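These figures come from a predicted structure and were not determined experimentally. Here is how names work: the chains are called A, B, and so on, in the same order as the sequence lines, proteins then strands, and each is numbered from 1.
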Protein chains: 2
Amino acid sequence: MANQLRLSIDRSSPVPLYHQVVQGIEAAIHTGLLEPGSRLENEIDLAAQLNLSRPTMRKAMDELVRSGLLVRKRGVGTQVVSSQVRRPLELSSLYDDLTNNGSKPTTEVLTFAHIEADAATREALHLAAGAKVYHFTRLRKVGGKPLALMENWVRDDITHIDEDLLKAQGLYGILRSGGVNFRLATQRIGAMVANDYQAPLLETEPGSALVTMERTAVDDTGRNVETGHHVYRGDSYSFEMTLVQR
Amino acid sequence: MANQLRLSIDRSSPVPLYHQVVQGIEAAIHTGLLEPGSRLENEIDLAAQLNLSRPTMRKAMDELVRSGLLVRKRGVGTQVVSSQVRRPLELSSLYDDLTNNGSKPTTEVLTFAHIEADAATREALHLAAGAKVYHFTRLRKVGGKPLALMENWVRDDITHIDEDLLKAQGLYGILRSGGVNFRLATQRIGAMVANDYQAPLLETEPGSALVTMERTAVDDTGRNVETGHHVYRGDSYSFEMTLVQR
DNA sequence: AATCAGAGTATGTCCTAACAAACGGACATG
DNA sequence: CATGTCCGTTTGTTAGGACATACTCTGATT
């Protein structure tokens, strides 16, 4: 089979070598140079061809296996699984997802307040009694069509937030500009039916299906930065993801 | 801070050393020995204490970072993020999840057939025209209460399937016994409202919220083994997951 | 001819070693 | 006093080697 992968590695680039390999193989798979089901050469030969050490090559393949593009079998070899693997659910905001997608989302800020956190919020954000948070609800539209109704609570000791900022960009963009490095988030996805408050805002009927998401995000210092409760129109939004066996 | 982690490593065990470290640290975090926010000793000292090399220690920490239990920062150190991290959504069946949870699910097979695959199924499973598949719908209950209504299509060239098998165990269990090694799955989660067919089966009202999931699973040979469309009662099921920034 | 053992191959695990880069605090300088 | 620079600490990247283990295929044996 011996696919000729003519990857080029730039050793003067600040991008780590293993990551250059990841990008190269990803590109080869997406452009169809490496077809699903085809076998790659063995790690040692590939490493030798690129003048890389085996650990570096392995680290690259590890990432590709984790992301679901490759499959390894001991004693057999490494195989391309699929060309159309979705990126695993990313730690990104809806706003980022939409703009990356070429859409132009708009945001309406329905309510905005700087208030003392209630018990549930203090619990979610690990705040002391009396701490204050930003609380706001937003309506996100794409192409003039409402998509999501979002309610969030954000610590106020990170960066200043106001209505104008929220109108102009996504929450995660604001927080990142404020120096937050997100590390992980826990979220829960479920379903509910639209109530009399949600339905007119989302321009749908009470009783129609909504996808719900609750999320709490943590930054690299271990602070719970943000928690939110979002609902999406069920007829125009769903969560797509790839699960990889480990 | 210097937390004393008294892990023990068994070099005669078939369990890889790095995985023993993962298990040890996981246990320490869950038992509260390592509190959220506390800093671990640096990699080199930890490795030395256990008589391990630094790469081995790093590989263990890599896994813990990926799973969201730890956070690393160059020049600073490694920190415990949270003790209550959910396992990332696993490549497992609902049946496995429930039995691991201590519940005792029951399964009713509503329909069962061995039929020629329609166009959508051939597309999803990458089958040639005329290929046959198993097609069945099941109702899963826990504690006598209906939870999920599941419709699946499965290749017939893997292992024999019949109603009795489906009644006794989960689909993934059957397929695994038949020699299938699952590698990855793509799935989509959304919402809908119960229709007149679903509602009575799930013992709920038409118009109530349902969580929907569509999934296609791939095994280690690259075959698309199974595809399904499931609906869950929105008031008793949701998907929980942890997203990790990479 | 069927079955089993072994060789070959590829990934899995583990080691030592070194340098790079980012972070934070201490210290020196204006 | 404020600011910038340097340095120690810690993680990030890369190399090269060694042995273990699982799988496949082939050849020998029964």
Specify the closest pair of heavy atoms between A:Q20 and A:V15, including all atoms of both residues, with the distance to one decimal.
NE2-O, 3.0 Å
Considering only side-chain heavy atoms of B:S53, which listed nucleotide, D:dT14, D:dT11, C:dC15, is closest?
C:dC15
Does A:K59 place a side-chain N or O at less than 4.0 Å from the phosphate oxygens OP1/OP2 of D:dT13?
yes
Atom-to-atom span, CD of B:Q79 to C1' of C:dC23 - whole angstrom
14 Å
Return whichever of B:V76 or B:P55 has its heavy-atom-nearest nucleotide of DNA chain D closer to the 5' end.
B:V76
Residue A:Y18, side-chain heavy atoms: nucleotide from D:dT14, C:dT11, D:dT24 that is nearest
D:dT14
Test log, rule salt bridge (charged side-chain N to carboxylate O under 4.0 Å, His left out), inputs A:E116 and A:K132
CA-CA 4 Å; A:E116 201 165 292; A:K132 298 184 81 176; over 6 Å; no
Using OP1 and OP2 only, check whether a side-chain N or O of B:T56 sits under 4.0 Å from C:dT13.
no
Minimum-distance nucleotide to B:P16 side chain [options: C:dG12, C:dC14, D:dT13]
C:dC14
Without decimals, in angstroms, what is the distance between B:N42 CG and D:dG8 C1'?
12 Å
Round to the nearest Å and state the distance from B:L17 atom CG to D:dT21 atom C1'.
15 Å
Assert: residue with more 5' nearest nucleotide on DNA chain D, out of B:D62 and A:R11, is B:D62
Rounded to whole Å, please give me the gap between NE2 in A:H19 and P in D:dT14.
11 Å
Let's see if you can work this out: which of C:dA18, D:dA18, D:dA15 has an atom nearest to the side-chain heavy atoms of A:L52?
D:dA15
Does OP1 or OP2 of C:dG12 have a side-chain N or O of A:R58 closer than 4.0 Å?
yes
Write down the distance between CG (B:L40) and C1' (D:dT11), rounded to a whole number of angstrom.
13 Å
Taking atom types as modelled and ignoring hydrogens, do the side chains of A:H114 and A:D156 form a donor-acceptor contact shorter than 3.5 angstrom?
yes
Rounded to whole Å, please give me the gap between CZ in B:R39 and C1' in C:dC23.
12 Å
Under 4.0 Å between a side-chain N/O of B:T78 and OP1 or OP2 of D:dT11, yes or no?
yes
Please name the pair of heavy atoms, one in B:G130 and one in B:R122, separated by the smallest distance, quoted to 0.1 Å.
N-CD, 4.3 Å
Report the distance from atom NZ of B:K73 to atom C1' of C:dA21, rounded to the nearest whole Å.
15 Å
Are OP1 or OP2 of D:dG17 and a side-chain N or O of A:R54 less than 4.0 angstrom apart?
no
For a quick check, tell me whether the side chain of B:R74 and the base of C:dG24 share a donor-acceptor pair closer than 3.5 Å.
no
Under 3.5 Å, is there a donor-acceptor pair between the A:R140 and A:T107 side chains?
yes
Nearest to the side chain of B:I44, heavy atoms from C-beta on, is which of D:dG16, D:dT14, D:dT11?
D:dT11
note: A:R72, atom CZ; D:dC23, atom C1'; distance rounded to Å ~ 16 Å
Where A:W153 and A:L125 come nearest, the two heavy atoms and their spacing
O-CD1, 3.9 Å
